[in-house]
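Below: one structure, written as C-alpha cells.
FYI, side chains are in, hydrogens and waters are out, and symmetry mates aren't considered; it's all heavy atoms of this structure. From a predicted model like this one, the values you see are computed outputs, not experimental measurements.
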There are 2 protein chains.
Amino acid sequence: MSSNRDIDTLIQMMAKLPGLGPRSARRAVLHLIAKRELKLTPLAEMMQRVAATARECTVCGNIGTAEICDICAAPKRANGLLCVVEDVADLWAMERGGAFQGRYHVLGGTLSALDQVGPEQLRIPALVGRIDSEQISEVILALGATIDGQTTAHYIADQIEGRVRLTSLAQGVPIGGELDYLDDGTISAALSARRDI
Amino acid sequence: MSSNRDIDTLIQMMAKLPGLGPRSARRAVLHLIAKRELKLTPLAEMMQRVAATARECTVCGNIGTAEICDICAAPKRANGLLCVVEDVADLWAMERGGAFQGRYHVLGGTLSALDQVGPEQLRIPALVGRIDSEQISEVILALGATIDGQTTAHYIADQIEGRVRLTSLAQGVPIGGELDYLDDGTISAALSARRDI
C-alpha cells in the first residue's frame, strides 16, 4: 500500500480500531508521520503509559490507574446511591452528564442467551455483595432500553428485590427531540409515564 | 471525562486525528484498553518504530524508512515516466491502482496565493532538476481537478514546456458512475473529450 512494511502494518492496526477504516487510517497515519515529533511520538508514549498503568477498579469495574478508582475512593460519593451500568463507556457518559453524585457498578455487558453470557460472566454477584457492605439505600438500573438490557435489569431486580429501593432511568422524549422523529415505542412510553404540570 | 488524567489525555490526542472525534476516540481507547496486551501495546510499539524510522525519500518525497524509497530504488521503474502528485496519499492511491510503472515526484501541496505557498515551498525546483538528471521522457501531471491543482499544473507546464512530453490524467465519467449523479463540469469535460468507439 505504502510500499513500506512497518507503515503498512501501522495502517492496518489503526484500520481495525472502531470508527476507523482503511482510508481514514491512512489519513491518520500520514498526518502522524508528517508531525512525528509533535504528534506520533507523544501519542505512542501515552499509549505505552496507559498500557502499563490502566486497570479495572476492583470495586466497581471502572477503568483507572489505581486498584480503587477515583470515584470509589471519593468519600463524598458514599451517599448510599449505586448506579448500575453495562460498560465503562456508559459510566463515562453518566459522568459527563454530571447529574449523578453516587457510586457506580459496571456489569461488563448484559445477560445474553445467544452469546452465552450468564450472571457469572457479569459482575452481578459482586453487586449483590456491595449492597450490604456499602450500606446502599437505592440501586439505579441505568441499563440500555434494549431486550438484553431489560432482561438483565429484570434479573438483577429479582436478585435484590426487597433489600433496597430499586429504580431505573425514566423513558420518554429526549431533550430537544421532535415527536415526528421519535419511534412509536418511545412515544408510547412517554405517554404512559406522563406527568402533571 | 474518564476521571483519569492519562486516559483522558490519550483520548484527546486520538480525538485530534483526522476522521476521529471525541466519541469515536473514546470508543477506540476503551477498545484498546480492553485488549491492552493484544492491541494497545503492539500499536504503541509500532508507532514508536515508525516515528524512529519514517523519513522522506530525498529523490521523490515519498515516505519510507530509507534515504531513497523502494520505488525510486527499483531499477525497472526507471522507464523515463515521471508522475507528479500533490502528496504522499495521492502517490499511494496511484500505487493501489497498480497501472503506473514509472517513478513519482511528490510536490508536497499545491501553489496557493491564499496560504502563501509559492514554488519554493513545493518541490518544483527539484522536479525540474530530475527531468535532466534522470532522462525523463514524459511527465504526467496527476494533480487534483481543483483550482489550486490546475494552477499548479499550469505553472509546472510553463517551467518544463518543450523539454519533455507533458500529459495529464484524463477527465470524464468515473468507472461505475451514473450521469444523473455527476456534476455539470464533469459531464462537460467528458463530452468535449469524447472518443470514437
Look at the side-chain heavy atoms of Ile, Leu, Val, Met, Phe, Trp and Tyr, link any pair under 4.5 Å apart, and say whether A/Ile136 and A/Leu81 land in one connected group.
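Looking at the clustering, A/Leu81 is in a separate group from A/Ile136.
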Is [X] close to chain A through its backbone or its side chain, or both, or neither, when contacts mean heavy atoms under 4.5 Å?
X	answer
B/Leu30	side chain
B/Leu10	both
B/Glu37	neither

Quick check for you: among [options], which has the greatest number of heavy-atom pairs under 4.5 Å with chain A?
options	value
B/Arg27, B/His31, B/Met47, B/Gln48	B/Met47
B/Leu32, B/Thr65, B/Thr9, B/Thr53	B/Thr65
B/Leu17, B/Val50, B/Val29	B/Val50
B/Ala28, B/Gly19, B/Ala52, B/Ala34	B/Ala28

Should the pair B/Glu134-B/Arg77 be classified as a salt bridge under the 4.0 Å nitrogen-to-oxygen rule?
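Judged by the 4.0 Å cut-off on N to carboxylate O distance, B/Glu134 and B/Arg77 do not form a salt bridge.
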Heavy-atom count check: over 12 atoms from other residues, nucleotides or ligands less than 6.0 Å from A/Arg23 CZ?
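No, because the 6.0 Å sphere around CZ of A/Arg23 holds 12 heavy atoms or fewer from other groups.
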Take atom CG of A/Asp183 as the centre, draw a 6.0 Å sphere, and report whether it contains more than 12 heavy atoms from other residues, nucleotides or ligands.
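Correct, the count exceeds 12.
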Does any non-hydrogen side-chain atom of A/Asn4 lie less than 4.5 Å from one of B/Ile63?
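A side-chain contact is absent here, since even the closest heavy-atom pair is not under 4.5 Å.
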Can you give each donor-acceptor pair under 3.5 Å made by side-chain atoms of residues 108-122 of chain A, sequence neighbours left out, with the distance rounded to 0.1 Å?
from	atom 1	to	atom 2	distance (Å)
A/Ser112	OG	A/Asp115	N	3.1
A/Gln121	OE1	A/Gly118	N	2.7

Sort out for me which of A/Leu20, A/Asp87, A/Leu43 touches chain B most, counting heavy-atom pairs under 4.5 Å.
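Most pairs with chain B among the choices: A/Leu43.
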